[in-house]
Amino acid sequence: MLGRRWRRVASQVGRSVAVWAVSTLTMLLLAGILPDFQLQSADGDSATRIAVTAAFGAGAFGVLSALVWPLLVRLLLLVPALVLGLLVFFLNGALLLVALRLNPAERGGAAWETAVVVAAVMSAVASATGAALAVRDDDAYRRRLYRLADRRRGTGPPCPSTPGTVFLQLDGVGHDVLRDAVGKGLMPTLARWTGGDRPTHRLTAWRTDWSSQTGASQLGILHGSNHDVPAFRWYEKDSREVMVCNRPTSAAELQRRAVRASGDGGLLTVDGASRGNLFSGGAEEQALVLSITTKRRSRENRSRAGYFAYFSDPANAVRTALSFIAEVGREIGQSTRARLRKARPRVSRGGLYPFVRAFATVVERDVVVAAVMGDMLAGRTAVYADLVAYDEVAHHSGPVSRDTEKVLERLDRALELIENVAEHAPRPYRIVVLSDHGQSPGETFRSRYGLTLGDLVRAGSGLPVPRRARRTHSGAEARAAVRAALRIPVEERGEKHRPTRRSEPIVLASGNLGLISFPDVSHRMTKEEIDARHPALLTTLANHPGIGFLLVRSERHGGVVLGPFGTEIPLDRLDQELGPLAPFGPGAADAVRRTHSFPHTADIMVNSMYDPADGEVLAFEEQIGSHGGLGGAQGKPFLLSPLALSAPVEDGADLVGAEQICRVLRRWLEESGGPQVPVQTEAEERAA
């Protein structure tokens, strides 16, 4: 035992010396290339003195990086993660200047901008050298991964021998997109899992609710209930607030509602970790979780703690920052090529979007993957992590494009890395990969018809609309319908019929799902009430070629689906007469009925048209890859599970809704000897 310990110490010392030597050579090389970087006095020095100066500077820089860098990152806890990424280079440069000043011979110096470059190169070279040496030693590789993730289980019971489970969510990747990517060789790791003579995983498609977006799906998956989540954003009349799933206050409220509805804390209640998600799932270990950002910060619940744990290693910080800059340049180049080719459909990709994309595809991915690796090496029982890279790029580049293919390749490499880490974990792990929804292609409603859904609603309500909207065919038809309904023969500038501002509707969009609410009416309005107030509105919307169907409440039938040419089908007859829902496929009627039962469903729910021939929808947002409503690939995500676990559903049965996915995942945790999620009794729930 003692000999093994000494060998481990000697191996670690040898690697440290090797990294120091390579850093010294790198510093000498940079001194010869960069004119503003000097390792000698003004009068000149011998080669030996220059080498000694470089060796001392490299050693001092390494020590400062190991000791001072984590403290600097801790001091910058309140700095936004994007700003921290930009500060990485300047902080590293400052450490290099300090290292050079510590030289007792008072040799060496550099300009600020040169110090930044030198420090970045040295950190990258040191990281690459350390990694190359460490992978040859399992123990060293394990220790390096611990530092990378900066996660410790701490004092506690010994790690159980039962398998742990890692749930990796590839945000927005549809079933067919994944299958095609595997077939094209873009994702060799998943191809190995699902193909060959001895596959290890099974691929299953499942069907989302009407609200096919991360907020509804992830809430249902992690907390077992997504009741009363009609869209990504919606207006609640009782509180007079717009709820948005990725707004921290809204996410926290939705999580509280789900916990009350399900009666337990969530999927990850016992020994779980939640990484990069909208909701916690009841996990004790949380980082980058949106729903906890409204809480008072502490060491346990800092939502951005994962960023700083990752950036506390300067090599990680420099590598990610360089990748961030490269991704910004990649997006600018790709958007420029699309604009020069006059590609269609196309949306604006300027402004801050290149930085938003780089954050999602580089920073968020690196930090979340590092956190997952740390959780596995700490032996946690259940980990759920969300990788949002594909979803962000597909919104602007399209679900099937060269841009998204590159993202899928990088996601596959992340899965391979996590798979390799599982070999070094203190317990076996089963890796489950799933998505929360897919994405459907298509141009935007605005680009096809020249006006937004809000413009069309205002025109159909007799409200003023922008001049550009009045000049469109859709705008002119809507205004003509209003004049006919109100028996106004000629449109004049001084029309007497001017609805008051309090009657102006609130129009919100969630992909190809639109929500129209009248805020001055405290209850959900009926079709009869809407017709009395705005006689042409429902007819205008239902007959528009860009709209597939409407859902409204009816005094006679409880709820009706409206379509073109006066189609009106009560919800209880949808099974026998699908009407405008027919193109949307199986399950559409059930999804619409379920949403109709929600307390906060909008006065008018609007789903865009869907073309089954090419799978296209029309987004009411500026997205050429969209999700949020019914129609096409957006409602068909995937579940990739190990064969060691039971099948998600019986042969021939459908896997429908995020709440059913939660039940399946809980069953798998039980099969693995995982946590038994405690369910509150009715008395305990009332007391809570």
Side-chain angles (χ1 to χ4, degrees), residues 138-139 141-170 189-190 193 200-202 218 221-224 264-277 279-289 306 309 367-387 414-434 639-648 661-678:
D138 286 349
D139 290 336
Y141 186 47
R142 186 185 311 210
R143 288 193 298 272
R144 180 177 180 275
L145 293 175
Y146 266 116
R147 291 197 303 272
L148 181 69
D150 191 29
R151 287 290 181 270
R152 293 293 187 269
R153 188 176 182 85
T155 59
C159 186
S161 59
T162 55
T165 308
V166 176
F167 303 104
L168 298 173
Q169 177 179 302
L170 304 187
T189 301
L190 294 188
W193 291 2
T200 60
H201 287 65
R202 66 171 65 86
Q218 197 178 87
I221 293 171
L222 289 178
H223 288 280
D264 63 71
L267 181 72
L268 310 173
T269 301
V270 180
D271 194 28
S274 180
R275 308 299 187 188
N277 300 311
F279 311 103
S280 71
E284 298 174 358
E285 183 68 26
Q286 305 176 30
L288 324 181
V289 176
V367 173
V368 168
V369 169
V372 171
M373 292 191 301
D375 291 324
M376 297 171 69
L377 292 170
R380 298 199 179 277
T381 301
V383 182
Y384 194 102
D386 186 11
L387 298 171
L415 296 177
E416 182 183 22
L417 178 59
I418 291 173
E419 180 189 29
N420 292 336
V421 171
E423 300 175 1
H424 302 270
R427 66 189 300 180
Y429 272 96
R430 293 168 174 171
I431 301 176
V432 176
V433 187
L434 73 161
L639 179 61
L640 186 70
S641 57
L643 296 176
L645 298 171
S646 61
I661 295 294
C662 181
R663 292 192 291 271
V664 171
L665 301 190
R666 287 183 175 180
R667 177 182 8 118
W668 288 345
L669 288 177
E670 294 173 1
E671 292 175 2
S672 301
Q676 304 292 325
V677 179

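Here the structure is a predicted model, which means the values were calculated and not measured.
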Least distance between heavy atoms, [X] atom then [Y] atom:
X	Y	result
Ser280	Val289	N-CG1, 3.7 Å
Ser274	Asn277	OG-ND2, 2.8 Å
Tyr429	Gly379	OH-C, 3.2 Å
Pro426	Ala378	CG-C, 4.5 Å
Pro648	Val664	O-CG2, 3.7 Å
Ile431	His201	O-NE2, 2.9 Å

Subject >> Steps toward side chain to side chain contact (heavy atoms under 4.5 Å, CB included) verdict (Ser672, Leu645) >> reply: CA-CA 8 Å; Ser672 301; Leu645 298 171; 3.8 Å; yes
Original post:
Is it true that Arg275 and Asp386 have a side-chain N and a carboxylate O under 4.0 angstrom from each other?
Top reply: no
Give, for atom [atom1] of [X] and atom [atom2] of [Y], the distance between the pair rounded to the nearest 0.5 Å.
X	Y	atom1	atom2	result
Leu415	Leu170	CG	CG	5.5 Å
Gln218	Ile661	CD	CD1	13.0 Å
Thr165	Met376	OG1	CE	10.5 Å
Leu669	Asp271	CG	CG	11.0 Å
Ile418	Glu416	CD1	CD	11.0 Å
Ile221	Gln169	CD1	CD	5.5 Å

**OP:** Give the intermediate values and the outcome of side-chain hydrogen bond (donor to acceptor under 3.5 Å, both in side chains) for residues Ser161 and Arg427.
**Re:** CA-CA 6 Å; Ser161 59; Arg427 66 189 300 180; over 6 Å; no
**OP:** List the steps, then state whether side chain to side chain contact (heavy atoms under 4.5 Å, CB included) holds for Val166 with Leu168.
**Re:** CA-CA 6 Å; Val166 176; Leu168 298 173; 3.7 Å; yes
**OP:** Answer yes if the side chains of Ser646 and Glu671 hold a donor-acceptor pair under 3.5 Å, and no otherwise.
**Re:** yes
Original post:
Should the pair Tyr384 and Phe167 be assigned to parallel (<30°), tilted (30 to 60°) or perpendicular (>60°) ring geometry?
Top reply: tilted
Original post:
Would you say the side chain of Pro642 lies within less than 4.5 Å of the side chain of Thr200, judging by non-hydrogen atoms?
Top reply: no
**OP:** Report the C-alpha separation of Leu387 and Val368 in whole Å, then their side-chain angles, then the decisive distance to 0.1 Å, and conclude whether the side chain to side chain contact (heavy atoms under 4.5 Å, CB included) test is met.
**Re:** CA-CA 7 Å; Leu387 298 171; Val368 168; 3.8 Å; yes
Subject >> Criterion side chain to side chain contact (heavy atoms under 4.5 Å, CB included) on Leu640 and Leu190, from CA distance to verdict >> reply: CA-CA 9 Å; Leu640 186 70; Leu190 294 188; 3.6 Å; yes
